[in-house]
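Chain A is the first sequence line, chain B the second, and so forth, proteins listed ahead of strands; every chain is numbered from 1.
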There are 4 protein chains.
Amino acid sequence: MKADERKEAILKCATKLFSTQGYYQTHISDIIKEAQIARGTVYQYFTNKDEIFITIVDTFFDKWRDMISFESARIDLATISPKGYLRYRILQTLIFLSKDADLCNIALRIGLGLPEKVSQTINRFEQKTMEMIAEDLRFGQQEHNVPDNINVETTAAILTGALLRTAHHYFVGKRRQRGYSQKEIEKIADDFVAVFTHGIFVPRDKMSISAA
Amino acid sequence: MKADERKEAILKCATKLFSTQGYYQTHISDIIKEAQIARGTVYQYFTNKDEIFITIVDTFFDKWRDMISFESARIDLATISPKGYLRYRILQTLIFLSKDADLCNIALRIGLGLPEKVSQTINRFEQKTMEMIAEDLRFGQQEHNVPDNINVETTAAILTGALLRTAHHYFVGKRRQRGYSQKEIEKIADDFVAVFTHGIFVPRDKMSISAA
Amino acid sequence: MKADERKEAILKCATKLFSTQGYYQTHISDIIKEAQIARGTVYQYFTNKDEIFITIVDTFFDKWRDMISFESARIDLATISPKGYLRYRILQTLIFLSKDADLCNIALRIGLGLPEKVSQTINRFEQKTMEMIAEDLRFGQQEHNVPDNINVETTAAILTGALLRTAHHYFVGKRRQRGYSQKEIEKIADDFVAVFTHGIFVPRDKMSISAA
Amino acid sequence: MKADERKEAILKCATKLFSTQGYYQTHISDIIKEAQIARGTVYQYFTNKDEIFITIVDTFFDKWRDMISFESARIDLATISPKGYLRYRILQTLIFLSKDADLCNIALRIGLGLPEKVSQTINRFEQKTMEMIAEDLRFGQQEHNVPDNINVETTAAILTGALLRTAHHYFVGKRRQRGYSQKEIEKIADDFVAVFTHGIFVPRDKMSISAA
DNA sequence: TATGAATGAGTATTCATTCAT
DNA sequence: GATGAATGAATACTCATTCAT
């Protein structure tokens, strides 16, 4: 087994364990048993337990950010409606999160009482989500698609909470299924957008509520 | 100091510590130092650390439930509009949560990897919130105030996430202030309701909100 | 309740508990619960846990010693045969022990790892038994009822072990009955004596028991 | 130091300590100080304190049982007299017990108030001794070497008590010497047998009392 | 590089004893 | 005398990390 594969195996097993047992209840012993490696080997790839956890969340965070910017780049803002844009964002995020329930479980839970660095890494995920949403809202206001009198801060918190909780509900919680089809996720995204459309977007003349 | 006062003191200090340090990073040593009592004293009032935590969350849960039912009883459903009802609910919850940031912090974080019983207690809070919201939505559908074609499950998850996160944002997170005036909280509640009103409630003239 | 009654109640309950749970597994909490008194009250009558235990064993020891000397005084050594004397001793001891299984249980178990003073008290019981038996044997040798070539030390150990274990077997162990009739105990004593008679006492005709 | 050696060292030190201090007064701290190892090392070889204790007694028990069966196998029952057989048994047991005073001390004390499992392990030793003796007696009755009218139960209790107490007296108690020569132990065994010979065995016509 | 035995600081919990009421 | 809340030293066990092989 090559070095990279070994590191990958540790991360994979650790992800699964962190996701189900949480940070404190996942012990190095569990990880090495799952990954079938020796205790010392873990410390050849990671300086300590925290670093394993942080690496996992960071990787997830980076993938997610890349996904967002990559996808964003492909959207022609001129041709898409504000609602269409929102739907696109929500849908992409949900698809991304649906792919890895374990990571979703780790990232969507606000870590309370974790070691400082670990805590920061996790919170970064939520903060970034909220910032991004706030940015989108402000952009919408500039373009006059979003009402000026909307409270961006509150609305961003609302959308963030709504989005992450919905993802958690479907991909992590009791309701969780093994896999979701593209159609099923689109349905969730549509339901989501439907709730917010009228509250967030300026109803210019006529704006059909059907998904773009 | 009387027995009840002492128990109260332990709970008070423990609440503060659990809120800031989390379950695992709050040690009995910390609690007794904070409460200025002997180690053994803790075990006169609680059988173990879990019980302290559970007592805190349970008490909070009960207060919160009482508040809800008490307040609910005072509302005349005949004279209040659906939107007014939502606003009332949101406002009451926010007021309640704003009063105790520590408890809010504990209750609003989904515990991952906590001891079974502890975990259950915390989750109960969220579940109850979602159930209550779902119930309200279904009642709204019966009364034809909420569109039939709304997905109650998704919408309940959305509203729960939105509400708890908003509370967390203002009462626990960085944005946190010491105290909020009634007016400030009303403002947050209004912003909250504004976002959802159009998506959830049937517009008087046309009831045309259909997803896809 | 008078002071003496209270002290007696503590001793009674403690005896029962020490007998079933042992020294370390009997806690002051158990005693006060059983005796239905307050924690502090115990310390008005005894300086500490050890003293309770020691008092119990001492009392038992004294009763037992008194019984022996009292009974001894009533025997006319001139008229009783050596075997009759042995039978009498064994029988009295068995009757005495059969009366209180709890005390029997405490006294017959060699305490290992008990606090120094406690340990001494218990051992005193066994030592005394052995000394007494050795004394009887030596007296028998003087009177030419017991062979000279018998090893008093070994034989005393043998008889002590045999006697205490027999008592333990019938009054404490699994074989334990609630109560034994005088007849039943006499049967045990007879069986006991029968085993030893020929080995210990000089047969009238030939005194030929020599080891090796 | 190899793994097995380390485990052995722990057992050796623990045996010594359990023997002198008893179960409750032997602390893990004492064991690691004696064995000059780290606290955690103990738990690499044993799951808890009980297991150390149980391992010690079990090992002793197994050795003892093996010794008995092994030796038994070598005796030709056809050529040995009943008394010779008894003497052989007693002698082997005494030799075995004389070899390790610490183990002897642990095994020969009836544990009162020890943790359930620990208690069972210790009692097993005594029970087995008594069963074995009872078996021998019954076999003797079949072969008409032992009188039919003997009470096997009582006699087994007597012999067990006598044997274990004798061993305790010479190998553990105050009388204890460092080492005993084969001759000295034979002397004890002969004294032991001498006491019981006439009480237990059927005096056919003439039966010389000299050791077989 | 891989291993896994060894480490020891850290933690919850117990329980005999005290002492103010 | 009686009470029982308060005390805190003591103890078994954990587990991330190290390091010799």
Side-chain angles (χ1 to χ4, degrees), chain A residues 1-3 6-7 23-33 36-52 115, chain B residues 1-7 10 24-32 35-52 115, chain C residues 1-3 6-7 23-33 36-52 115, chain D residues 1-7 10 24-32 35-52 115:
Chain A
M1 197 188 280
K2 284 185 181 175
R6 214 168 264 268
K7 188 169 184 177
Y23 180 81
Y24 285 106
Q25 291 296 350
T26 297
H27 306 139
I28 300 294
S29 299
D30 302 327
I31 296 173
I32 63 171
K33 199 184 290 170
Q36 289 185 300
I37 53 168
R39 186 166 285 267
T41 308
V42 171
Y43 292 88
Q44 297 237 322
Y45 297 99
F46 302 95
T47 54
N48 55 32
K49 188 178 157 183
D50 283 16
E51 216 201 45
I52 303 176
Chain B
M1 198 186 281
K2 284 184 181 175
D4 279 355
E5 291 175 46
R6 210 166 267 261
K7 187 168 185 177
I10 293 169
Y24 285 106
Q25 289 297 349
T26 297
H27 307 137
I28 299 295
S29 299
D30 301 329
I31 295 174
I32 64 172
Q36 288 185 301
I37 54 170
R39 189 162 286 268
T41 305
V42 171
Y43 293 90
Q44 290 237 324
Y45 297 99
F46 302 94
T47 54
N48 53 32
K49 188 177 154 183
D50 282 17
E51 217 200 46
I52 303 177
Chain C
M1 198 187 281
K2 284 184 180 175
R6 215 168 265 267
K7 187 168 186 177
Y23 180 81
Y24 285 106
Q25 291 296 351
T26 296
H27 307 139
I28 299 295
S29 299
D30 302 328
I31 296 173
I32 63 171
K33 200 185 290 171
Q36 288 184 301
I37 54 168
R39 186 166 285 267
T41 306
V42 172
Y43 292 88
Q44 298 239 323
Y45 296 100
F46 302 94
T47 55
N48 54 30
K49 187 177 157 183
D50 284 16
E51 216 201 44
I52 302 177
Chain D
M1 197 188 279
K2 283 184 182 175
D4 279 355
E5 291 176 46
R6 210 166 267 262
K7 187 169 185 175
I10 293 169
Y24 285 106
Q25 289 297 349
T26 297
H27 306 137
I28 299 295
S29 298
D30 301 330
I31 295 174
I32 63 173
Q36 287 185 303
I37 54 170
R39 189 163 287 267
T41 306
V42 172
Y43 293 90
Q44 290 238 321
Y45 296 100
F46 303 95
T47 54
N48 54 31
K49 189 176 153 183
D50 283 16
E51 217 201 45
I52 303 177

Between [N] ([atom2]) and [X] ([atom1]): distance, integer Å:
X     : N      : atom1 : atom2 : result
D:F46 : E:dA6  : CZ    : P     : 12 Å
D:Y45 : E:dG4  : OH    : P     : 13 Å
B:E51 : E:dA12 : CD    : P     : 16 Å
D:I31 : F:dT11 : CD1   : C1'   : 12 Å
A:K7  : E:dT1  : NZ    : C1'   : 15 Å

Residue-phosphate contact under 4.0 Å: D:R6 side-chain N/O, E:dT7 OP1/OP2: yes
Might you point out which heavy atoms bring [X] and [Y] nearest each other, and give the distance in Å?
X     : Y     : answer
C:I37 : C:R6  : CG2-NH1, 3.8 Å
B:Y43 : B:R39 : CD1-O, 3.6 Å
B:Y45 : B:I10 : CD1-CD1, 3.8 Å

[X] vs [Y] side-chain heavy atoms within contact, under 4.5 Å:
X     : Y     : result
A:F46 : A:K7  : yes
D:I32 : D:T41 : no
A:Y23 : A:K49 : yes

Pairing pattern in dot-bracket form [Watson-Crick, G-U; both distances under 3.5 Å; | = partner strand] for DNA chain F: .||||||||||||||||||||
Contact letters for nucleotides 14-21 of chain F, in which S counts primed atoms plus P, OP1 and OP2 and B counts the base, heavy atoms under 4.0 Å: BBBBB---
C:A38 vs B:Q36, nearer the 5' end of DNA chain F by closest nucleotide: C:A38
